[in-house]
Amino acid sequence: MEAGYYIPTSINHKLVLIWILIILGFNRTLFYELNQEANWFFTVFPIMLCVLFLFLVCPRRFFIVGDKIYFTIFPFLKFKIVNVKFIKESKATKFGHKFYYSKKHYEFICLNRSLSAIL
């Protein structure tokens, strides 16, 4: 059994990260336009967005057992099981790996020695 860490980098994750940055910038602009009044919205909302951002960039685990790869998904108690036999167009990138499995595109960044474990 081999294990490692990964960060998903699908188009959904990228869009959410971009929208988080746009909304945080808009929030700061409104904060300064309204003369820096202490408002619960301008305090709680950025904190919630920062927690969401940290969750998206938090490394997750994968395990390779035999011909199956187990990817942890939210809330880190469930597994996405990928059978290696059905992976198509597997390609290693500079910092990660991408492949097609059951007509879905998976792309992620591997941390440290995890890339060598998945190859």
Side-chain angles (χ1 to χ4, degrees):
M1 180 177 98
E2 294 188 48
Y5 291 97
Y6 76 99
I7 299 173
T9 56
S10 66
I11 191 70
N12 296 336
H13 280 82
K14 292 175 186 176
L15 284 174
V16 169
L17 289 174
I18 290 170
W19 273 106
I20 286 173
L21 293 176
I22 290 170
I23 292 171
L24 281 175
F26 185 68
N27 190 359
R28 285 288 97 190
T29 303
L30 283 178
F31 177 75
Y32 289 122
E33 286 292 326
L34 297 175
N35 297 326
Q36 302 177 0
E37 293 178 9
N39 187 345
W40 68 269
F41 178 77
F42 294 121
T43 306
V44 174
F45 192 64
I47 292 171
M48 289 178 12
L49 286 176
C50 289
V51 168
L52 177 63
F53 177 79
L54 290 175
F55 170 73
L56 286 176
V57 298
C58 172
R60 299 170 187 163
R61 300 264 307 166
F62 69 86
F63 304 97
I64 302 171
V65 179
D67 62 345
K68 293 186 180 177
I69 305 174
Y70 298 88
F71 292 101
T72 57
I73 56 174
F74 181 74
F76 302 117
L77 300 174
K78 296 182 180 180
F79 288 100
K80 170 73 176 168
I81 301 171
V82 175
N83 194 340
V84 176
K85 295 176 186 175
F86 301 112
I87 291 178
K88 296 181 180 171
E89 297 182 28
S90 177
K91 181 180 177 186
T93 60
K94 186 174 182 179
F95 296 108
H97 196 76
K98 55 182 161 181
F99 58 88
Y100 284 93
Y101 178 74
S102 68
K103 299 181 182 179
K104 289 179 95 177
H105 179 72
Y106 292 91
E107 184 176 353
F108 49 86
I109 297 172
C110 289
L111 304 174
N112 297 336
R113 295 175 295 234
S114 301
L115 186 58
S116 62
I118 197 93
L119 295 177

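Below, each value reflects all heavy atoms present in this structure, side chains not excepted, and no hydrogens, waters or symmetry copies. Numbers here simply count residues along the sequence, with the first being 1. Since the structure is predicted, the reported quantities are computational estimates derived from the model, not experimental observations.
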key: Phe86 reachable from Val82 in the ILVMFWY side-chain graph, under 4.5 Å edges   =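 Shared cluster, yes.
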request  = Identify whether Ile23 and Ile20 are in the same connected component of the hydrophobic contact network (ILVMFWY, side-chain heavy atoms under 4.5 Å).
outcome  =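 Yes: a chain of side-chain contacts under 4.5 Å links Ile23 to Ile20.
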Name all residues meeting the side chain to side chain contact (heavy atoms under 4.5 Å, CB included) criterion together with [X]; count only those two or more places apart in sequence or in a different chain, and write none if there are none.
{"X": "Phe63", "value": "Met1, Ala3, Arg61, Tyr70, Thr72, Phe79"}
{"X": "Leu30", "value": "Phe26, Phe42"}
{"X": "Ile18", "value": "Ile22"}

task = Sort and list the pairs that fulfil side chain to side chain donor-acceptor pair (under 3.5 Å) and have at least one residue in residues 6-20, not counting sequence neighbours.
result =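 Checked against side chain to side chain donor-acceptor pair (under 3.5 Å) - neighbours excluded - the pairs reaching residues 6-20 are Ser10-His13.
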message = On the six-membered ring of Phe55, is Arg60 placed so that its NZ or CZ lies under 6.0 angstrom from the centre and within 45° of the ring axis?
response =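 Output yes; distance and angle both within limits.
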How many angstroms lie between [atom1] in [X] and [atom2] in [Y], if you round to the nearest 0.5 Å?
{"X": "Thr93", "Y": "Lys98", "atom1": "OG1", "atom2": "NZ", "result": "6.5 Å"}
{"X": "Ser90", "Y": "Lys88", "atom1": "OG", "atom2": "NZ", "result": "13.0 Å"}
{"X": "Leu52", "Y": "Leu56", "atom1": "CG", "atom2": "CG", "result": "4.5 Å"}

Only distances under 3.5 Å count here; give the side-chain donor-acceptor pairs of residues 100-110 to other protein atoms, sequence neighbours excluded, each with its distance to 0.1 Å.
unit_1: Tyr101; atom_1: OH; unit_2: Asn83; atom_2: N; d: 3.4
unit_1: His105; atom_1: NE2; unit_2: Glu107; atom_2: OE1; d: 3.4
unit_1: Tyr106; atom_1: OH; unit_2: Lys80; atom_2: NZ; d: 3.4

ask   = With side chains defined as the heavy atoms from C-beta onward, is the minimum distance between Asn27 and Leu49 less than 4.5 Å?
value =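 They are not in side-chain contact.
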message = Using side-chain contact (heavy atoms from CB on, under 4.5 Å), reason through Leu24 and Phe53 one step at a time and then give a plain yes or no.
response = CA-CA 11 Å; Leu24 281 175; Phe53 177 79; over 6 Å; no
ask   = Apart from Ile47 itself, what residues make up its hydrophobic cluster, given side-chain heavy atom links below 4.5 Å?
value =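 None; Ile47 is a cluster of one.
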message = Which heavy atom of Ile87 sits nearest to which heavy atom of Ile69, and what is that distance?
response =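 Ile87 and Ile69 have their closest heavy atoms at CD1-CD1, 4.4 Å.
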